[in-house]
There are 2 protein chains.
Amino acid sequence: MVRELSDRQRRIYEFLYDYIRAKERAPTVREIGEAVGIPSTSVVKYNLLKLAEEGLIEYNPKIARGIRLIGEAVRRLADSIRIPILGPIAAGQPIPVPDTSLDYERTIELTRDIVKNQKGIYALEVQGDSMIDALIHDGDIVLMRYQPTVENGELAAVWLRREEEATLKRFYLEGDRVRLQPANPMMKPIFVPADNVEVKGKVVCVIRRLDS
Amino acid sequence: MVRELSDRQRRIYEFLYDYIRAKERAPTVREIGEAVGIPSTSVVKYNLLKLAEEGLIEYNPKIARGIRLIGEAVRRLADSIRIPILGPIAAGQPIPVPDTSLDYERTIELTRDIVKNQKGIYALEVQGDSMIDALIHDGDIVLMRYQPTVENGELAAVWLRREEEATLKRFYLEGDRVRLQPANPMMKPIFVPADNVEVKGKVVCVIRRLDS
DNA sequence: ATTATATACGAACATATGTTCTTTGTCAAG
DNA sequence: CTTGACAAAGAACATATGTTCGTATATAAT
């Protein structure tokens, strides 16, 4: 079933993908022919039917601009997720957490390749170099999942009550104390009493945008 | 400008929304008329133009099924970009660069919020902790733009010819030598002769996925 | 050489689909 | 009442767009 696509078929498919993404509608047979360099509309149709046989597109006879992409391709088009950027995270400041207010000033748009499960996800922008031990830089975007506990070994955003300090470290509960391990293996862990640690969420992803 | 919509116009808009979401294409004038109970195609057109005036839809004259929804409703549908992951980047290994072969084993899907301009972008997966001075961790995905030179101060992927070593550092050309500055401000720069440095590209973004 | 199959061409054709135009009805303003 | 703006109908029209068909070429199998 999975035959090789001919060169033309591949080019048609790519054109369809680009066109649909750009215009949110399918091209006509003639538009395809012109773009791919096929002079005859019947040949375009012939190859479209091949693509449909391969399960790559949906071909709706007699319907103007009736082609649809199928499967993986559409999922890519359809799926992106908007995550709110709640605010800055810095060593000496409380960690922002989600509230019920519905609109946020800033958001970031991501795909499912980055965030598998959108539930409880929010973003913070790192301010300052205080989390450099976690290999996190000034300006980085940290994606967090809001949850009051984490598994041992997960990278957590924690608030140290006594020190009134926010930090990002790997979390290990060891008896009645907590070992907070920097991501940088050259750096030593710190140990704090368990009741001094308030887990604010789990770090799911770190994004560092350096340039357009 | 923000006039009240007539009942018909509201029903047309709702129908458009449902239809497009279900079929990924716009209905024809006649389909709209039938669904909303308008017997005359000209009346459908009349009301579509009203909706377009209000900025609710995009009306493309003479194009079959040329209606588009405008605004938040559709925004989610549009843009994501597939970037190939060419391979690992590690201290002691040559840096992979794009070639002409068209399909890649692994890719990552991103949005324009991450990659503004797709041109020349590829991804590498960091192997090992040798780039920890650049605040880059084992397993991180590094997005690169393939280019043979970089501006001073940009984070570059460079190949040190003599040492046969790959590294990611901020690049400063100073006379006939190059200063390579780690991202971690606590660490000292290294200086190398300019002809020992081969720039492989610019680092555009770093992504660290910790967990689904 | 012959046959079969996949692919391609181009023109004529069919119809799906947008557009125009004339007429009509409603309703508020003058 | 008359006028004008707005909304609607329906039919005729124009064209955008899919389809069919006779023919042709290349390649591989017989």
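Treat the numbers as computed from the prediction; the structure is a model and nothing was measured. Naming: A, B, ... by sequence-line order, numbering from 1 per chain. Keep in mind that the numbers below use all heavy atoms, side chains included, and drop hydrogens, waters and symmetry copies.
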Q) Which nucleotide sits closest to the side chain of Val43(B): dA9(D), dG18(C), dA8(C)? A) dA9(D)

Q. Reckon Arg65(A) has a side-chain N or O less than 4.0 Å from the OP1 or OP2 of dT17(D)?
A. yes

Q: Kindly indicate, with the supporting measurements, whether the criterion salt bridge (charged side-chain N to carboxylate O under 4.0 Å, His left out) is fulfilled by Arg209(A) and Asp113(B).
A: CA-CA 9 Å; Arg209(A) 290 182 287 191; Asp113(B) 273 3; 5.4 Å; no

(Q) If I take atom CZ in residue Arg25(A) and atom C1' in nucleotide dA16(D), what distance separates them, rounded to the nearest angstrom? (A) 12 Å

Q. Atom CD of Gln9(A) to atom C1' of dA6(C): distance rounded to whole Å?
A. 10 Å

**Q.** side-chain contact (heavy atoms from CB on, under 4.5 Å) partner of Leu155(B), the single match among Val150(B), Val203(B), Val142(B)
**A.** Val203(B)

Q. Which nucleotide sits closest to the side chain of Tyr46(A): dT19(C), dT7(C), dG10(C)?
A. dT7(C)

Q.
Rounded to whole Å, how long is the line connecting atom OH of Tyr59(A) with atom C1' of dT17(D)?
A. 10 Å

Q: Give a yes/no answer on whether the side chain of Lys50(A) brings an N or O atom under 4.0 Å of OP1 or OP2 in dA6(C).
A: no

Q | DNA chain D: 5'-proximal contact among Ile38(B) and Lys62(B) (nearest heavy atom) | A | Ile38(B)

Q: Establish, from distance only, whether the side-chain atoms of Glu174(B) and Asn152(B) form a donor-acceptor pair under 3.5 Å.
A: no

Q. Which atom pair, heavy atoms only, marks the closest approach of Pro148(A) to Val199(A)?
A. O-CB, 3.4 Å

(Q) What is the separation between atom CD1 on Ile32(B) and atom C1' on dA16(C), rounded to the nearest whole Å? (A) 14 Å

Q | Separation of atom NZ in Lys45(A) from atom C1' in dA8(C), rounded to whole Å | A | 15 Å

Q. Going by atom types alone, do Arg65(B) and Tyr19(B) pair a side-chain donor with an acceptor below 3.5 Å?
A. yes

Q: Measure from the side chain of Ser42(B), starting at C-beta and using heavy atoms only, and say which of dA11(C), dG18(D), dC21(C) lies closest.
A: dC21(C)

Q | Candidates dG10(D), dT19(D), dG18(C) - which lies nearest the side chain of Pro39(B) | A | dG10(D)

Q: Report yes if a side-chain nitrogen or oxygen of Arg8(B) is closer than 4.0 Å to either non-bridging phosphate oxygen (OP1 or OP2) of dA8(D); otherwise report no.
A: yes

(Q) Measuring from the side chain of Thr41(A) (C-beta onward, heavy atoms only), which nucleotide among dT19(D), dA8(D), dT19(C) has the closest atom? (A) dT19(D)

Q. Arg30(A) CZ to dA11(C) C1': how many Å, rounded?
A. 11 Å

Q: Report the nucleotide, chosen from dT19(C), dT19(D), dG10(C), that has the shortest atom-to-atom distance to any side-chain atom of Pro61(A).
A: dT19(D)

Q) Given dA8(D), dG18(C), dT17(D), which nucleotide is nearest the side-chain atoms of Asn47(B)? A) dA8(D)

Q: Give the rounded distance in Å between these two atoms: CG of Leu49(B) and C1' of dA7(D).
A: 13 Å

Q) So which nucleotide from dT17(C), dG10(C), dT19(D) ends up closest to the side chain of Ala64(A)? A) dT17(C)

Q | Nearest-Å distance for atom pair CD/P, residues Glu34(A) and dG18(D) | A | 13 Å

